[in-house]
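So that the names make sense, note that chain A is the first sequence line, chain B the second, and so on, each numbered from 1.
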2 protein chains.
Amino acid sequence: MATIYEVAALAGVSPATVSRVLNGAAVSPEKVRLVREAAEQLQFTPNRTARRLRNQSSELIALLIPDVENPFFTALARGVEDKAQAAGFSVVLCNTDDDPAKETRYLDIANSEDMAGVILAPASEDGDIRHVTDRGRPVVAVDRNTGLTIDSVMVDNRAAGVAATTALFDAGYERVACIAGPLGLEWTEERSLGWRQVVSKRGAGETIDRYLQHANYRVDGGRAAMAALLALDSPPDAVVTTNNLMGVGALQALSEAGITPPDFGVAVVGDLPFSTLHPDAITQVHLPARHLGTTAATMLLERIAGDDQPARTVVLRADVTRGAARPAR
Amino acid sequence: MATIYEVAALAGVSPATVSRVLNGAAVSPEKVRLVREAAEQLQFTPNRTARRLRNQSSELIALLIPDVENPFFTALARGVEDKAQAAGFSVVLCNTDDDPAKETRYLDIANSEDMAGVILAPASEDGDIRHVTDRGRPVVAVDRNTGLTIDSVMVDNRAAGVAATTALFDAGYERVACIAGPLGLEWTEERSLGWRQVVSKRGAGETIDRYLQHANYRVDGGRAAMAALLALDSPPDAVVTTNNLMGVGALQALSEAGITPPDFGVAVVGDLPFSTLHPDAITQVHLPARHLGTTAATMLLERIAGDDQPARTVVLRADVTRGAARPAR
DNA sequence: AGACCGCAAGAAATCGGTTTCGTCAAGTTA
DNA sequence: TAACTTGACGAAACCGATTTCTTGCGGTCT
């Protein structure tokens, strides 16, 4: 690994001059040429560690997400990456597993690695985000809220729940259930509130609470909840799931019971990844995952560039592709 | 951000002593206590950049994969992460998009960031991996081969192709087609060779070449290829796809044509992510993605620890879950 | 012609740790 | 008691960039 000193020696100048050439400060054309040639010849790449120690900042952005295996978050990551790349930043992807301890660990790393900024889908509301913001490092929250007043990019979850549920009623279903995530997570509560709001107007009454299932927000949870719904005395004829994975689980359970949409209405808040179903059998409320990422990255880059206006919150809306109408009996 | 100097001043010792306490060198119990207290009081976290500059290495592992949105690679990433975490290393996930230029860029970054090592699913055989290995930084290739003799963890692709095809014949299908990736990629060629090997023994003869479709290895490619197969004069009654995404595409095309497995046999080399189908309708050759990751990470960590035995190649085998038999006509 | 300004470029300080080297004191051996 | 070993620990070098400080040269203004 050639150093700036070796380049300087070969070019017959001082290290300072080499640095100036590299960073575009004033140097005579003659020496610029000498330095360029020497750098070329030695295949010189500046050592980022040394540079960072001096500059106290790097071109690294940390992206903390709960689960790399969830397509929603990978799409978001792609969005972040695209914007970051274009601005000359690299993205470090970190898995928090929704574990506040892991999250804290990564935030500490972001600090001691002198990262330029952090984009965070927070595991909990009371994470140690302060560790980072206190040091003046910009942080943007994405998809979920923090307790702090920092830049954030959210989805209108209530509206998403409303849209999913409305689509099912419009398609002719009458007993619309909901598979929601665990209590205490804002995003899923908001979406199921959207469902409740529509059902209380257009639904069959009475049954609301029996038709609301809480599950862990993964595939197996959705599957179990769907099975439970089907086992009810008067089962629903349609279901809304508050995220993509539970949607997959619900469809699996239906498939195992020999039922295929649109015989049973299904609306998913989120995209069904790699679905092999006929695409318009199902209502999908497409969460703008990638857009969430690009927006967050843009905001973060602005902060890194020195923008210090008050914290902003951007709320994006989901758009819906409606599934088929309920077939006549 | 407190520095080691401030801690030293507060504790009334030299920075060297603080460093020794932190790194477990011999220091008198009394001073250890003083330093510990000072560090605690100042919330001292060592600056990783400075440490790295001195040590010329970090606890960072770069993982270069072609596509974070492909579940195969995210599962692999999880495997790497689990092992790395346990050993106190952090993983930096990088998307190469199968673009040799991006790959080179990230390899350069791995170098100039003084990363401890690299796990690489190579975009091409002639990438600039030398940049890294030449500097003595350990590199493990995973899933795909490089031209170089370095540690690598592979899948027995031929056997996977054979297993998928055999399962279909065993299930009673007679005209088994293959949807393969583009020519020139070893993994897909090997898998389709496995298919060819079985078909030439058990197949209907003649038609082999017409039943082999090449597509880009993504969902849309698989879908188009399946559509093309269905449009043949004497269409196949089953298909093998050489990866997961093309499998999804093929199933979509079938679904659009109103055909559902097992009426048409489908075997996928790879796992169908988030499948909503009845699970045993389809043959899946489960590639050990996560295991690939843990194995690669283990090998890399050994190298980082100083192991310098000759390059090893580990070949993992896939296991099969067989789909349903072909229904009688 | 002498004072002044501007610019290129080298010397040296700096970032914050780790590590070598040297010193000094306490303990050991002859 | 003198010579020697051992261990704790401070001073200073070091990692490789960037940046400030300083110097010296050439040109301009009066």
Side-chain angles (χ1 to χ4, degrees), chain A residues 1-39 42-60 88 108-116 135-137, chain B residues 1-36 38-39 42-60 108-116 135-137:
Chain A
M1 202 71 164
T3 74
I4 204 171
Y5 295 95
E6 303 173 49
V7 176
L10 182 59
V13 300
S14 75
T17 300
V18 177
S19 175
R20 284 192 264 260
V21 171
L22 264 46
N23 296 293
V27 175
S28 70
E30 168 64 4
K31 307 227 161 182
V32 170
R33 191 181 57 76
L34 284 171
V35 170
R36 289 249 139 79
E37 284 175 10
L42 295 174
Q43 293 214 28
F44 171 72
T45 319
N47 181 311
R48 288 161 165 255
T49 305
R51 165 180 292 175
R52 187 186 311 175
L53 176 59
R54 176 65 218 224
N55 292 348
Q56 307 280 307
S57 90
S58 63
E59 296 76 43
L60 246 42
D108 281 342
I109 291 182
N111 257 328
S112 56
E113 290 279 354
D114 293 316
M115 299 213 182
R135 310 223 186 289
R137 218 172 292 284
Chain B
M1 203 73 163
T3 73
I4 204 172
Y5 295 94
E6 302 173 50
V7 175
L10 182 59
V13 300
S14 75
T17 300
V18 177
S19 175
R20 286 192 262 259
V21 171
L22 265 46
N23 297 293
V27 175
S28 70
E30 168 64 4
K31 307 228 160 178
V32 169
R33 192 182 57 76
L34 285 171
V35 170
R36 288 249 140 78
L42 295 173
Q43 292 213 29
F44 171 71
T45 319
N47 180 312
R48 289 161 163 254
T49 304
R51 165 181 293 176
R52 186 186 312 176
L53 177 59
R54 178 62 217 228
N55 291 349
Q56 307 280 307
S57 89
S58 62
E59 295 76 43
L60 248 42
D108 280 343
I109 290 181
N111 257 328
S112 56
E113 289 279 356
D114 293 317
M115 300 212 179
R135 310 223 185 288
R137 217 172 293 284

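Taking CZ from Arg48(A) and CG from Asp108(B), the interatomic distance works out to 9.0 Å, rounded to the nearest 0.5 Å.
Looking only at side-chain heavy atoms (C-beta outward), Val21(B) and Arg36(B) come within less than 4.5 Å of each other. Residues Val13(A) and Val35(A) meet the side-chain proximity criterion, which asks for heavy atoms closer than 4.5 Å.
Residue-level contact check: Ala2(A) touches the backbone only, with heavy atoms under 4.0 Å from sugar-phosphate atoms and none from bases. The residue Ala16(A) sits close to a base: some heavy atom pair falls under 4.0 Å. Here Val18(A) lies out of heavy-atom contact (under 4.0 Å) with every strand. Residue Arg20(B) is classed as a base contact, given a heavy-atom separation below 4.0 Å to a base. At a threshold of 4.0 angstrom between heavy atoms, the contacts of Ser19(A) include nucleobase atoms, whether or not backbone atoms are also involved.
With the nearest nucleotide of DNA chain D identified for both Lys31(B) and Asn47(A), Lys31(B) has the one nearer the 5' end.
Side-chain atoms of Glu37(A) never come within 3.5 Å of backbone atoms of Leu34(A) as a donor-acceptor pair (strictly under, hydrogens ignored). For the pair Asn47(A) (side chain) and Thr49(A) (backbone), a donor-acceptor distance under 3.5 Å is present. The main-chain N or O of Glu113(B) is found under 3.5 Å from a side-chain atom of Arg52(B) such that the two form a donor-acceptor pair.
Annotation for Thr45(A) and Ser112(B): closest pair CG2-CB, 4.4 Å, computed over non-hydrogen atoms. Here the closest non-hydrogen pair linking Ser58(A) and Asp114(A) is OG-O, 2.8 Å. For the residue pair Ala2(B) and Phe44(B), the shortest heavy atom distance occurs at O-CD1, 3.3 Å. When all heavy atoms are compared, the tightest approach of Ala26(B) to Arg20(B) is O-CD, 4.3 Å. Contact between Ala8(A) and Ser14(A) at its shortest, heavy atoms only, is CB-C, 3.7 Å.
For DNA chain C, the neighbouring residues in residues 50-58 of chain A, judged by any heavy atom under 4.0 Å, are Leu53(A), Arg54(A), Gln56(A).
When DNA chain D is scanned 5' to 3' for any atom under 4.0 Å from a heavy atom of chain B, the first and last hits are dA8(D) to dG16(D). Here the range on DNA chain C touched by chain A, meaning any atom under 4.0 Å from one of its heavy atoms, is dA8(C) to dG16(C).
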